[in-house]
Each structure stands twice: as C-alpha cells, then as structure tokens.
Amino acid sequence: MNLSFYPVDITYEVKDGKPIIKLFGRTTDGKQVCVLDDSFEPYFYVQGTVSEKKLESVQKDEFKVVRVEKCKKNVNEKEEDLFKVIVNIPKGVPVLKEIIVDMTGVKKVYEYDILFTRRYLLDKKIVPLTKTKVVGEKIAANCKVDCIKAKSIKKESDEIIEPRIVALDIETYNPDNSLNAKKNPIIILGLYGDNFSRVVTWKKFKTSNKYIEFVSSEADMLQRFAELITEYQPDIITGYFTDGFDFPYIVERAKINKVELDVGLDYSTIDIRGRTRKEASITGIAHVDIFKFIIRVIARSLKTDQYSLNAVANELLGATKHDVDIEHLFDVWDKGGKNIEQYCEYNLQDCKLTYDLTIKLLPNLIEFVRIIGLPIFDVNRMSFSTFVEWYLIKKAQEFNEIILSKPGHNEERERMHDRIQGAFVYEPKPGLYEKIVVFDYRSLYPSIIASLNISKGLVNCKCCKKASRINTDRGEFWFCTKQKGFFSEIISELITHRAKIKKELKQKQNPLLAAQVEALKVLANSFYGYLGFAPARWYCIECAESTTAWARHYIHKAIDSAKKEGFDVLYSDTDSVFVQLGKKSKKDALDWVKKINDDLPGLMELEFEGFYPAGLFVATKASESGAKKKYALLDEKKHITIKGFEAVRRNWSIIAKEVQQEVLRLVLNEKNTENAKKFVRETIEDLRANKIPVEKVVIRTELSKTVEGYSTVSPHVAAAKRMEKDGKKVSGGTIVSYVVTKGKGKIRDKVKLPHEVKQKDYDGEYYIDHQILPGVERIFDVLDVHIDELTKNTKQKTLEHF
DNA sequence: TGACACTGCTTACCT
DNA sequence: ACAGGTAAGCAGTGTCAT
C-alpha cells in the first residue's frame with residue numbers, strides 16, 4: 001500500500017537483534033499511524049591506517065561490527081580517506097568505538113555520538129511534520145494505531161501538517177504553600193483544544209458549565225485524563241512549564257494512586273527524564289512545553305521582563321489570566337461548594353491561553369523544525385547554540401563534511417579561558433542634539449563571516465599569499481581564498497535566502513513567511529557566538545577573533561569616512577554610526593552611505609536606519625565622560641526610543657522609571673525644561689509626603705542563585721531571606737520584590753516585602769536620593785540645571801535663576 | 001570615629 | 001550553556017585626619 005503522512009514523533013526498538021525505527025504521525029486523511037522501518041543501520045567513522053579485516057572483527061557482548069566501507073569525507077574541510085564502520089545495534093556504537101579508538105593505527109573516530117533516531121531523519125532527509133511518502137504493508141502490532149512496515153520512505157513535499165493540539169493545566173491542593181507531589185493531590189485538571197473544553201475535578205458542586213466534569217477521586221481524574229487524551233488523539237500536547245511541573249506532578253500522583261497512564265500510542269506511560277532539568281515525553285505524541293521555547297528563543301524579542309503565563313499572554317495575545325486568589329484554593333476546596341467553580345474557570349482560561357500561545361508561536365517552532373530537520377519535541381527544548389550546531393550537522397552531509405566531535409571535559413575547560421576582543425564603542429559627548437541620522441551595518445557579524453570566507457578549516461592556509469589579513473591580539477589571520485568555507489558558505493546561503501523571503505514577505509504578508517524570516521535571523525545571528533562557545537563542535541577562536549577584528553575595522557572605516565565627509569559623529573556601538581547632519585542634508589547622508597557601500601566586500605552593507613529630529617546623550621555617574629549604551633532618540637512621529645537608561649531597566653522602581661521617561665519626553669519632545677523641573681519637584685514632594693502608592697516604589701530584582709550562594713547581603717538578597725521566612729521557595733530565577741522603609745542602618749536592613757508595607761512606611765528620602773535623582777541628574781546636567789533646583793522647592797530659588 | 005575613595009560583587013542592559 | 005562591552009548600586013574595606 002501507498003500512503004502519505006506527516007511524522008510527529010520518532011523512536012526505535014531492537015527486535016531480534018535488529019533496530020526498528022518507529023515513526024508516529026498522521027496520514028493525509030487524518031488517521032494516526034506508526035510507520036516501521038527496519039532497514040537503517042547505526043554507524044560511525046574511523047580515521048587512520050588500520051586493516052578493514054581487523055575492524056570487521058571487533059565485537060563485545062551482543063554488539064558487533066557488521067561491515068566496514070571505505071569512503072572519502074572532508075575532515076575540517078580537507079579530504080581524507082575514512083572507514084565507515086557499521087554496527088548491529090545503536091547501543092553498540094559507543095561501546096565499539098571505545099575499543100576501536102585504542103587500536104594501533106587508528107587516529108580518530110567520528111560521529112559516534114549522534115542519536116540513532118536523529119541520524120535516521122538526517123540521512124533519510126525526512127523532515128518531521130512534513131509530508132512524507134511511504135510504500136509498505138500493514139502489520140499487526142501492539143499499538144493504538146495502524147502499523148505499516150515500510151518498504152520505502154521518503155520526503156514527498158514541503159507541505160506541513162495541520163496538527164491537532166490540546167493544552168493541559170492542573171491545579172493542586174496546596175495548604176502549606178509548597179508544591180509537594182508526594183503529599184498534595186491534584187484537584188483540578190483542564191484540557192483545551194480545537195472545539196474542546198474540559199475541566200475534571202473530584203468535588204461536586206452545582207454548575208451549568210458544560211465543560212466541567214465530576215469524578216469521585218483523584219485516581220479517577222487521572223484515569224479520565226488518560227481516556228480524554230486517547231479520545232482526542234492529539235498530535236501535540238502543549239503546556240506552560242509542563243516539563244518542570246504538570247507532567248512530573250501527574251506522573252508522581254499516578255504512581256501514588258496506582259493508576260496506569262498508558263497515553264503513549266504504544267500503550268507506554270509518560271516518561272520523565274532528568275532531575276533538575278526535567279523533560280516529559282509521550283510516545284507518539286509531541287509534548288510541547290511552550291514556556292521553554294518562549295524563555296530560550298522568543299524572550300529577547302519580547303518587551304516584558306517577566307515570563308509568567310500572564311505576562312507573556314498579555315503581550316502576545318492581549319489576553320490575561322482570570323483573577324482568582326489561587327493561594328487560597330486549598331481553603332475553598334476544603335469548604336467545598338460552588339466557590340470551587342471559579343477555580344475551574346480559571347484553570348480552563350490558563351489552558352486556553354496556553355493553547356492560543358502555542359497556535360501563535362507554532363509557525364516559528366515549525367520553521368525551526370524545517371530548518372534543522374529534528375522533531376518538534378527536540379526543537380522545542382533547544383537553545384541558540386544547539387540550533388546552530390544541528391543546522392551545521394544537517395549541512396555537513398551536503399558538504400560531505402565529517403561532523404566534528406564535542407570537546408572533552410578538559411578541552412572545554414581550557415576553551416573557557418579563551419577571551420575574544422569584542423566590539424568597539426564610541427564615547428559620546430554628553431549633550432542634546434538635533435537632526436541625527438543613524439546608519440548600521442546589516443547583520444554585521446554574519447556578513448563578515450560570509451564575505452571574508454571565515455571558516456574553521458581555512459585559517460592561515462599555506463597557499464594564499466593574497467588573502468586579506470587582519471591583525472588581532474591573538475596574531476594575524478587570513479582565510480584560504482581557493483575554496484569556499486563550510487562555515488562561511490552556510491551563512492552566506494542563510495543571508496541570501498532570508499533576503500529573498502523578506503522580499504516575498506514585503507509583497508504579501510504571511511505569518512509563515514514572517515516566522516521563516518525571523519527563524520533565519522535568529523539562526524544567522526547566533527553563528528558568531530557559537531564560534532566562541534566552549535562546548536561547540538565547530539569551535540574556532542581564530543574565526544571569532546577575526547570576525548570581531550574585521551567588525552572593528554569596518555566600523556572605524558565608516559566613522560573616519562563620515563568625519564572626513566564633514567559629519568559630526570556622535571556615537572557608535574558595534575555596527576552603528578550616529579551622525580549629526582548639521583548643515584548637511586539627508587541626501588548628503590544617503591550619498592555618503594552609497595559611497596561607503598561601493599567599497600565593501602561581498603554581502604556587507606551599511607544601511608540607513610533612521611532620521612531623528614532630536615537625541616540626548618548623558619555623562620556617566622562616575623565622571624564627566626560620555627556614557628556609552630545610554631541614549632534617547634526622538635523620531636519624526638514623536639516616538640522616543642530609550643536605550644540603557646534606568647527607565648528601561650527592570651530593577652528600578654516604577655516611580656523612578658516614570659519620572660525619567662517623562663523628563664526625557666519633556667526635554668526631547670516639548671523642549672520644556674521648566675516643566676521637567678516642575679514634574680520632578682512635584683514627585684519629590686509626593687514622595688516626601690508618602691503620597692505615591694506603594695506599588696510604584698516596589699523594586700524588583702532577579703535572584704541569580706540561592707540565598708546561600710551570595711557572599712554579600714544586598715537589598716534583594718535581604719528581601720529573598722524574608723520571603724524564605726514566609727515559607728516561600730526562592731532560587732535562581734526568582735524575581736524578588738521589595739520596598740525600602742524608614743529606619744536606621746544599611747539599606748538591606750530597611751528592606752521589607754510589599755505586603756508588609758503600609759503607605760506611610762516607605763522611606764521617601766531613600767526614593768528621592770537613590771531612585772529619582774540618579775535617574776534625572778545627568779539629564780538635567782546636559783541642560784545646565786543643577787540638582788539643587790530640583791530638591792529645594794522655594795520659589796525664590798527658581799526666580800533667582802532667571 | 002567618621003568621611004571618603006576605592007574594590008568586588010551583582011544585575012541588567014546594548015549590540 | 002551563543003559572544004563581549006558597559007553602567008551603576010550596594011556592601012565591604014582601606015585610608016586619612018581628627
């Protein structure tokens with residue numbers, strides 16, 4: 001029989017000494033299937049002078065070499081003769097590799113650490129979630145879905161699955177404020193999918209909500225959960241932090257209640273792996289923990305600095321969680337009755353938000369699946385470095401390159417000491433400026449790697465005398481001009497491919513294309529960092545050093561040229577140049593940038609970023625010199641871009657940020673220094689009189705480690721200690737909120753938690769001296785306004801000034 | 001003993 | 001577990017004059 005299907009999940013099993021790949025997915029007519037392939041063999045590569053016969057005879061326990069093939073592959077971009085050693089079962093690869101690496105004549109072994117299922121997808125060029133053609137026979141097997149034994153299997157087209165998705169969320173009984181799965185039961189379990197809402201709970205109350213379903217115990221609820229999943233037949237189960245919380249909790253409670261959760265398509269149960277960083281997987285269904293994707297990949301493009309479901313849903317969906325007192329759910333539960341209902345509604349809303357977030361971010365996730373070629377479960381849990389690494393691994397096949405091995409522990413430690421000189425930052429002169437034009441190099445680091453052929457295998461070749469050379473602290477480097485680099489060529493493709501899609505996107509908006517453009521940008525921008533990342537397979541310190549050195553070269557070139565041309569250069573950071581037009585016109589600026597571009601190699605390009613009628617640079621706190629990475633620009637639509645100022649830092653109080661923002665607005669937009677002064681003075685008076693509400697004086701700071709890990713007790717650590725006293729768990733990643741109150745001693749001695757503080761308690765003087773004034777002082781310096789004019793509120797002082 | 005300068009640790013930003 | 005460059009607060013320490 002022939003069939004087309006979209007693979008969702010992949011595993012393998014060993015039967016009769018032979019590995020069988022199992023691809024779970026959905027056919028084009030909507031049925032779930034499992035496609036079996038027993039034709040794929042595990043292998044690795046050996047480099048050295050050793051006889052094939054000797055290699056063929058290697059065996060240990062049930063593992064043995066099946067056969068050996070001679071082949072030619074590029075090792076770090078140079079062709080070499082290698083042996084491909086084929087092994088009977090996947091687990092034999094690391095075992096037999098250990099034996100072979102010690103044999104005389106063997107120089108190195110490669111590709112022994114690529115997971116069998118991933119190897120299968122890459123070698124067979126099968127892309128998960130993408131239409132795949134199978135010829136095969138239906139066979140009987142212990143499986144919830146039809147099993148097809150494949151004779152042939154290959155990618156059919158780029159068509160993508162429309163997955164069935166269900167979102168999961170649980171609420172637990174929690175009287176002691178600790179999330180203890182051994183002690184406290186799950187009391188509400190919700191699911192939300194396409195035309196599907198269900199909340200299961202085990203205490204009855206009167207309700208007209210049709211989606212609420214009552215069972216008689218926690219055990220029955222868990223059982224019902226498994227049934228509902230089986231009935232709904234999802235391709236994807238999604239949740240918010242379900243790797244770390246919901247699934248481990250469900251599994252623990254199932255164990256305690258002796259419930260068999262055979263939700264896997266092969267009747268297996270939910271598998272929880274890892275202790276500190278848990279991962280929950282279900283055979284045949286892709287578990288997406290959308291929180292992980294958000295925090296690792298999406299986070300830096302979001303405005304919010306909190307990644308709670310509420311904050312993220314608010315920004316991405318414009319929707320929020322239901323407002324209930326979740327801390328007292330246990331109390332309501334104990335009392336029973338109708339009050340439980342609001343928590344069921346709350347639970348379903350969480351499921352819905354998670355579902356909607358997943359729908360929204362799915363195009364982005366799928367794009368990475370398509371680019372990298374691994375299952376969505378894997379891609380969901382990857383970070384920038386792994387994206388780059390797996391993309392390189394996939395591309396290695398096309399280039400016939402050997403996949404380099406991961407560094408050993410010692411090598412990784414040594415690499416950690418390597419430091420690369422980074423970007424150049426131009427010191428601005430503090431001041432309020434007019435008519436500013438900003439230029440920047442488009443994708444500076446990727447375009448340098450592409451245009452200067454920067455690649456690990458081409459460093460300081462013996463053959464090229466004419467290659468452009470760059471001087472660095474580490475020495476002089478050049479890259480072979482006679483061949484295209486593996487690394488540089490891949491980036492080059494990425495950049496041109498992205499530019500092409502971006503052009504298409506301009507013609508017609510399309511969320512899939514937008515996601516593709518975004519994914520390619522994320523990937524290209526991660527390449528440079530990867531080069532200097534200690535655990536990387538293609539680590540290349542010379543490449544990284546050269547990339548930044550060339551970047552400094554080209555930014556200086558732009559700065560010098562702009563000055564020569566008569567522009568007043570105000571600032572520059574890494575890839576940008578800020579110039580003041582002065583008597584020159586916008587056209588002069590555009591002409592100049594054109595001239596620069598005529599001189600740039602390859603894909604490099606300096607772009608016009610924007611025109612700003614006004615901009616402000618300030619001095620540093622410590623000296624009179626200009627502060628880098630701190631400025632504000634007013635654009636022609638009166639919008640202000642603020643960089644680096646306290647107003648955009650999360651560990652400053654709202655009142656301090658608001659005041660600074662308003663001062664910047666009054667200064668840049670309205671050019672009204674008097675109003676700015678007045679505004680600050682009024683706020684200071686309000687703080688002195690404790691008129692500013694407590695929530696505006698709360699300071700929020702993230703803990704980077706547990707309380708014990710700190711050598712000095714700073715205010716946020718003092719606050720964390722108070723939280724622990726309250727019975728709250730705090731650790732790295734916890735955001736602590738605190739208020740500085742009146743009293744004696746160090747600031748940390750005056751720290752209290754927001755709920756402990758009444759309106760009159762906070763220390764207005766602290767907020768004036770340590771929050772408001774530091775934020776505006778350097779701005780007023782630029783306007784020649786002395787700080788006394790802000791703090792002393794006598795009218796005479798103001799009059800005196802004029 | 002107190003004012004002050006300086007350092008180290010820490011957080012959070014910019015590109 | 002992508003990179004380096006930068007500002008700034010607070011606690012702690014050292015210095016100096018008293």
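Note that these values count all heavy atoms, side chains included, but never hydrogens, waters or copies made by symmetry. Below, read A as the first sequence line, B as the second, and so on, with proteins coming before strands; counting in each chain starts at 1.
Rounded to a whole Å, the NE2 atom of His770(A) is 6 Å from the P atom of dC10(C). The separation between Phe527(A) atom CZ and dC2(C) atom C1' is 11 Å, rounded to whole Å. Rounded to whole Å, the distance from NZ on Lys657(A) to C1' on dA8(C) is 15 Å. When the C1' atom of dT10(B) is taken as reference, atom CZ of Arg650(A) falls 13 Å away, rounded to whole Å. What separates CG of Asp440(A) from C1' of dC14(B) is a distance of 13 Å, to the nearest Å. Atom CD1 in Ile642(A) sits about 13 Å away from atom P in dC13(B), given to the nearest Å. Note: NZ (Lys629(A)) to P (dG5(C)) measures 9 Å, nearest angstrom. The separation between Trp550(A) atom CH2 and dA3(C) atom P is 25 Å, rounded to whole Å.
Phosphate contact (OP1/OP2 of dT11(B), side-chain N/O of His716(A), threshold under 4.0 Å): present. Lys628(A) has no side-chain polar atom (N or O) that falls below the 4.0 Å cut-off from OP1 or OP2 of dT15(B). The side chain of Tyr571(A) places no N or O atom within less than 4.0 Å of a non-bridging phosphate oxygen (OP1 or OP2) of dT15(B). The side chain of Ser383(A) contributes an N or O atom lying less than 4.0 Å from OP1 or OP2 of dC2(C). One finds a side-chain N or O of Tyr631(A) lying less than 4.0 angstrom from the OP1 or OP2 phosphate oxygen of dT15(B). Note on Ser385(A): a side-chain N or O is less than 4.0 Å away from OP1 or OP2 of dC2(C). Considering only side-chain N and O atoms, Lys621(A) lies under 4.0 angstrom from the phosphate OP1 or OP2 of dG9(C). For dC10(C), neither phosphate oxygen OP1 nor OP2 lies less than 4.0 angstrom from any side-chain nitrogen or oxygen of Tyr738(A). Of the side-chain N and O atoms in Arg748(A), one or more sit less than 4.0 angstrom from OP1 or OP2 of dG12(C).
With dA1(C), dA12(B), dT15(B) as the choices, the nucleotide that has an atom nearest any side-chain atom of Thr701(A) turns out to be dA12(B). The Lys630(A) side chain lies nearest to dA8(C) when the options are dC14(B), dA12(B), dA8(C). Looking at the side chain of Asn651(A), the nearest of the listed nucleotides dT11(B), dT15(B), dT10(B) is dT11(B).
For the pair Arg700(A) and Trp652(A), the NZ or CZ position fails the cation-pi test of under 6.0 Å to the six-membered ring centre and within 45 degrees of the ring normal.
Ring centers of Phe487(A) and Phe527(A): under 6.0 Å apart, within the cut-off.
Note on Trp652(A): only backbone sugar-phosphate atoms sit closer than 4.0 angstrom, heavy atoms only; bases stay farther off. Val648(A) comes within 4.0 angstrom of sugar-phosphate atoms only, judged by non-hydrogen atoms across all strands, and of no base. Note on Tyr766(A): only backbone sugar-phosphate atoms sit closer than 4.0 angstrom, heavy atoms only; bases stay farther off. Here Gly529(A) lies in heavy-atom contact (under 4.0 Å) with a base. Val388(A) comes within 4.0 angstrom of no nucleic acid atom, judged by non-hydrogen atoms across all strands. Nucleic acid contact for Thr620(A): sugar-phosphate only, since backbone atoms but no base atoms lie under 4.0 Å from a heavy atom of the residue. At the heavy-atom level, Ser704(A) lies under 4.0 Å from the strands shown only through sugar-phosphate atoms. Residue Tyr710(A) is classed as a sugar-phosphate contact, given heavy-atom separations below 4.0 Å to backbone atoms only.
Gln660(A) pairs with exactly one of Arg649(A), Arg665(A), Gln771(A), Glu646(A) by the side chain to side chain donor-acceptor pair (under 3.5 Å) rule, that one being Glu646(A).
Ring orientation note: the planes of Tyr528(A) and Tyr445(A) are nearly perpendicular, at an angle over 60° on the 30°/60° scale.
Residue-environment remark: NZ (Lys429(A)) stays at or below the threshold of 12 foreign heavy atoms within 6.0 Å. The 12-atom threshold is exceeded at NZ of Lys742(A), counting heavy atoms of other residues, nucleotides or ligands nearer than 6.0 Å.
Place Tyr445(A) and Ser711(A) on DNA chain C by their nearest nucleotides, and Tyr445(A) ends up nearer the 5' end.
Look at Arg537(A) and Asp113(A) and you find a salt bridge, because one of the NZ, NE, NH1 or NH2 atoms lies within 4.0 Å of a carboxylate O, short of that distance.
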